[in-house]
Enquirer: 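Once you've had a glance at the structure underneath, I'll fire off some questions.
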Amino acid sequence: MRSHLELHNSPHQTLKFYKLFVFQNTSPDHYTYPILLRSCTARVSEPEGKQIHDHVVKFGFDSDVYVRNTLINLYAVCGNMVSARQVFEESLVLDLVSWNTLLAGYVNLGDVMEAERVYDLMPERSTIASNSMIVSFGRKGSVVKARRLFDQIQGKDMVSWSAMISCYEQNGMCEEALVLFVDMNANGVMVDEVVVVSAISACTSLSVVWMGRSVHGLTEKVGIQDYVSLQNALIHLYSSCGEILDAQKLFNGGIVLDLVSWNSMISGYLMCGLVEDAKTLFDSMVEKDVVTWSAMISGYAQHGCFAEAVALFQEMQLLGIKPDESALVSVISACTNMAALDLGKWIHAYISKNKLRVNVILGTTLIDMYVKCGCVENALEVFHAMEEKGVSTWNALIRGLAMNGLVEKSLNMFADMKKTKTLPNEITFMGVLGACRHMGLVDEGRRYFSSMTQEHKIEPNVKHYGCMVDLLGRAGLLREAEELIESMPMAPDVATWGALLGACRKHHNNEMGERLGRKLIQLQPDHDGFHVLLSNIYASRGNWGDVFEIRRVMAQHGVVKIPGCSMIEANGIVHEFLAGDKTHPQINDIEHMLDEVAAKLKIEGYAPITSEVSLDIDEEEKETALFNHSEKLAVAFGLITIPPPAPIRIIKNLRICNDCHTVVKLISKAFDREIVVRDRHRFHHFKHGSCSCMEFW
DNA sequence: ATAGGGTTAG
């Protein structure tokens with residue numbers, strides 16, 4: 001009778017057989033019910049379990065501990081702790097398994113409080129119960145409590161070690177996890193395929209391949225190497241450490257792998273930058289899950305293939321696959337990079353329409369997208385709607401407000417943040433100091449900078465120093481800026497020197513500029529920015545001989561100036577313009593529009609700022625060169641394509657030049673259009689002839 | 001033949 005039921009592996013078969021069996025009026029014995037209940041538990045099917053429970057009562061098997069324990073487990077696994085508890089409390093006889101099962105139920109539901117209460121009430125503490133508690137503490141991040149308990153266990157078994165190692169690993173204490181794993185071996189405790197997975201995960205997080213290799217060797221020695229999850233952990237280890245060939249060897253190694261293995265291999269290729277290989281594998285997969293899509297989309301986004309990321313997301317939509325948070329995060333960040341605001345808004349609407357949960361990461365990504373597209377209002381809306389906010393959420397908004405010229409709002413936001421329990425971090429101060437920089441708030445900047453160590457116990461890093469140098473330099477305090485560089489406890493980076501050099505150019509300190517420029521070119525002969533800045537300093541003085549010399553050195557070292565590029569989205573398509581670009585299909589219309597702009601601006605009294613052109617050409621040619629700047633082409637295209645009153649939004653890879661800034665200001669007045677330009681640094685909101693940056697950038 | 005530990009994306 002028992003074997004008949006068990007023969008039917010499929011749970012449905014088991015239940016069908018049972019109904020037949022009851023129908024024949026054969027009386028069940030006490031083996032019958034646990035089998036049926038386990039079948040329900042395996043499928044997490046509470047209604048069916050309830051049915052069996054009724055039969056248990058009807059046939060009088062509800063006094064059997066074994067049967068009752070199986071019932072407790074069924075309800076616990078289904079998440080119904082009320083019923084599980086009821087069965088437990090109504091039991092006349094309880095054994096250790098009853099307690100352990102109830103405890104495990106609370107642990108798996110994350111109810112540490114109740115788990116602890118049950119654990120304290122247990123008449124006798126088994127190793128199994130203690131192991132459960134280690135897991136429970138681990139999930140709540142109480143590593144110290146877990147360790148204390150681990151040390152108290154008298155008869156530690158393999159699972160005790162395994163749970164404690166996993167606890168460390170899950171809480172980011174990977175060194176401790178590995179130390180304990182080594183300890184476990186030294187104590188002669190057996191290892192199995194589960195505990196080595198935790199150890200390998202720890203090696204992966206720490207990027208210690210050699211240790212991972214030795215664990216891999218151990219598994220072969222003990223003969224447990226053929227487990228799928230172990231293979232998956234190893235594939236992940238090797239690919240995260242850049243050993244893609246080892247990962248590939250395992251992947252092609254003949255062991256039957258599952259979907260996770262394929263996903264791991266795809267993300268492995270992507271981690272190693274092998275986007276093509278990842279896509280080939282992706283295309284060859286018959287069965288894909290959300291993780292597969294998500295991995296591919298985020299891989300694309302991380303490698304700058306934004307259009308591909310978006311395309312894949314749309315393909316996923318067409319196939320009716322529901323994106324998870326990760327896919328959404330990746331595709332939104334792709335939108336941010338491409339300045340595809342319309343698509344970004346569509347995804348936001350999709351999230352709202354489908355009532356998807358906006359967690360901290362997703363919310364922060366949305367805020368970042370909105371602020372980087374110049375939509376402060378939308379960003380604030382998302383921010384206020386978020387139930388849970390992380391540091392990164394505040395950081396995104398503080399930085400974003402400042403980028404959009406709302407410096408005061410940004411600093412107020414920082415003050416609000418301090419009122420909450422969220423502690424600021426290094427990145428927060430990048431935002432705060434950046435805000436001061438955008439408005440030239442030298443005194444405030446100094447105060448925030450010193451408050452980092454004084455008040456918040458955060459040591460400033462190179463970037464914070466760079467920010468301060470830039471702030472001082474822009475304000476014309478060149479000596480103080482240079483002194484700050486000299487006082488830095490670490491070596492200044494390229495950006496720090498670059499900031500000072502830029503300040504020299506801005507404040508026409510050619511002596512210091514030349515001195516720094518020459519030094520920096522020696523330091524970094526392949527850096528395009530230094531050459532360009534120095535060349536600009538010479539050019540502004542009409543020193544064409546030196547300009548020519550620098551160009552020659554650049555050519556000799558193969559230094560190429562990154563070309564200016566502006567992007568604009570129209571009707572869901574992103575258009576790109578380079579300086580002097582004639583390749584756009586609507587170039588004739590654009591040039592017509594530029595003529596119209598030139599005519600209108602003449603009336604407004606515009607004079608081209610030809611000193612922005614670092615070429616030895618005559619004035620008229622300089623004017624033409626200025627009008628070829630990519631942002632002007634993009635604005636002209638926007639004037640043609642985007643109907644008012646919608647703002648014209650442009651993204652530029654470099655900083656906007658002085659002349660373009662003036663021209664766009666005038667256009668905003670002459671054509672009565674709102675124009676938003678994001679350069680590599682910040683936003684410029686042009687409206688009625690003025691800009692949100694208040695001439696500070 | 002009832003209870004405890006593990007893998008992939010962000």
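Each chain gets a letter, A, B and so on, in the order the sequences are listed, and its residues count up from 1.
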Enquirer: To the nearest Å, give me how far apart CD1 (A:Ile361) and P (B:dA9) are.
Expert: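 Nearest whole value for this atom pair: 13 Å.
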
Enquirer: Can a donor-acceptor pair under 3.5 Å be found between the side-chain atoms of A:Ser326 and the base atoms of B:dG10?
Expert: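 By the distance-only test, no, there is no pair.
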
Enquirer: Would you mind reading off the distance between A:Asn263 atom CG and B:dT7 atom P, rounded to a whole angstrom?
Expert: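 Distance check: A:Asn263 CG to B:dT7 P gives 15 Å.
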
Enquirer: Using a heavy-atom cut-off of under 4.0 Å over every strand shown, decide if A:Ser330 touches base, sugar-phosphate, or nothing.
Expert: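 Nothing: the residue A:Ser330, judged by heavy atoms under 4.0 Å, touches no strand.
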
Enquirer: Taking OP1 and OP2 of B:dT7, is either one under 4.0 Å from a side-chain nitrogen or oxygen of A:Gln170?
Expert: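 Yes, within the criterion.
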
Enquirer: Search all heavy atoms of A:Arg213 against all heavy atoms of A:Glu243 and return the closest pair with its distance.
Expert: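 That closest heavy-atom pairing would be NH2-OE1, 3.2 Å.
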
Enquirer: Roughly, in whole Å, what's the span from NE2 in A:His236 to C1' in B:dG10?
Expert: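 Atom NE2 in A:His236 sits about 12 Å away from atom C1' in B:dG10.
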
Enquirer: Take the protein atom CZ of A:Arg38 and the nucleotide atom P of B:dA1, then report the distance between them rounded to whole Å.
Expert: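 Spelled out: CZ on A:Arg38 to P on B:dA1 is 6 Å.
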
Enquirer: Tell me: CG of A:Asp192 to C1' of B:dG5, nearest whole Å?
Expert: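 These atoms are roughly 8 Å apart.
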
Enquirer: Given B:dA9, B:dT7, B:dG5, which nucleotide is nearest the side-chain atoms of A:Glu169?
Expert: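 When the side chain of A:Glu169 is considered, B:dT7 is the closest of B:dA9, B:dT7, B:dG5.
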
Enquirer: I need the CD1-C1' distance between A:Ile165 and B:dT7, as an integer number of Å.
Expert: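 Those two atoms, CD1 and C1', are 16 Å apart.
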
Enquirer: Cut-off 3.5 Å, side chains only: do A:Asn100 and A:Asn69 have a donor facing an acceptor?
Expert: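 No pair is found: no donor N or O on one side chain lies under 3.5 Å from an acceptor on the other.
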
Enquirer: Check every atom of B:dG5, B:dA9, B:dA1 against the side chain of A:Ser267 and return the nucleotide holding the closest atom.
Expert: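 For A:Ser267, the side-chain atoms sit closest to B:dA9.
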
Enquirer: Select one nucleotide: of B:dG5, B:dG10, B:dT2, the one nearest the side-chain heavy atoms of A:Asn69.
Expert: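 Shortest atom-to-atom distance from the side chain points to B:dT2.
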
Enquirer: B:dG5, B:dA3, B:dA9: which one has an atom nearest the side-chain heavy atoms of A:Val194?
Expert: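 Ranking B:dG5, B:dA3, B:dA9 by closest atom to the A:Val194 side chain puts B:dG5 first.
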
Enquirer: Check whether any side-chain N or O of A:Arg139 sits under 4.0 Å from OP1 or OP2 of B:dG5, and answer yes or no.
Expert: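 Checking B:dG5 against A:Arg139, a side-chain N or O does come within under 4.0 Å of OP1 or OP2.
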
Enquirer: For B:dT8 and A:Asn232 - does any side-chain N or O of the residue sit under 4.0 Å from the phosphate oxygens OP1/OP2?
Expert: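 So the side-chain polar atoms of A:Asn232 never come under 4.0 Å of the phosphate oxygens OP1 or OP2 of B:dT8.
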
Enquirer: Fit a plane to each ring of A:Phe383 and A:Trp394, take the angle between them on a 0 to 90° scale, and name the class: parallel (under 30°), tilted (30 to 60°) or perpendicular (over 60°).
Expert: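 Correct class here is perpendicular.
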
Enquirer: So what does A:Asp258 touch, heavy atoms closer than 4.0 Å: a base, only the sugar-phosphate, or nothing?
Expert: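 It contacts nothing in the nucleic acid.
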
Enquirer: Between atom CH2 in A:Trp293 and atom P in B:dG10, what is the gap in whole Å?
Expert: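 Distance, rounded to whole Å: 17 Å.
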
Enquirer: For A:Phe251 and A:Trp262, take the angle between the two ring planes, folded into 0 to 90°, and tell me which bin it lands in: parallel under 30, tilted 30 to 60, perpendicular over 60.
Expert: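 Answer is perpendicular, since the angle exceeds 60°.
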
Enquirer: Hey, would you say the A:Phe313 and A:Trp293 ring centroids sit under 6.0 Å apart?
Expert: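 Not close enough - the centres of the two rings lie 6.0 Å or further apart.
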
Enquirer: Would you please confirm or rule out a distance under 4.0 Å between OP1 or OP2 of B:dG10 and any side-chain N or O of A:Gln302?
Expert: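 Looking at the OP1 and OP2 atoms of B:dG10, one of them is under 4.0 Å from a side-chain N or O of A:Gln302.
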
Enquirer: Heavy atoms only, 4.0 Å cut-off, all strands: where does A:Ser264 land among base, sugar-phosphate and nothing?
Expert: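 Sugar-phosphate only.
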
Enquirer: Which nucleotide wins on minimum distance to the side chain of A:Val197, given the candidates B:dT7, B:dA9, B:dA3?
Expert: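 In terms of side-chain proximity for A:Val197, the closest of B:dT7, B:dA9, B:dA3 is B:dT7.
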
Enquirer: Record whether the side chain of A:Asp324 comes under 3.5 Å of the base of B:dG10 through a donor-acceptor pair of N or O atoms.
Expert: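 No.
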
Enquirer: Within a radius of less than 6.0 Å around CD1 of A:Ile427, do more than 12 heavy atoms belonging to other residues, nucleotides or ligands occur?
Expert: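 No, the 6.0 Å shell around CD1 holds no more than 12 heavy atoms from other groups.
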
Enquirer: From B:dT2, B:dA9, B:dG5, pick the nucleotide closest to the side chain of A:Asn108?
Expert: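 Taking heavy atoms from C-beta onward, the closest nucleotide is B:dG5.
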
Enquirer: Give one of base, sugar-phosphate or nothing for A:Val135, where a contact means two heavy atoms less than 4.0 Å apart.
Expert: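 Touches sugar-phosphate only.
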
Enquirer: Report the distance from atom CD1 of A:Ile35 to atom C1' of B:dA1, rounded to the nearest whole Å.
Expert: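 The answer, rounded to whole Å, is 8 Å.
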
Enquirer: What is the nucleic acid contact for A:Ser201, judged by heavy atoms within less than 4.0 Å: base, sugar-phosphate only, or nothing?
Expert: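 It contacts sugar-phosphate atoms only.
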
Enquirer: B:dG5, B:dA1, B:dT8: which one has an atom nearest the side-chain heavy atoms of A:Val291?
Expert: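 Among B:dG5, B:dA1, B:dT8, the one nearest the side chain of A:Val291 is B:dT8.
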
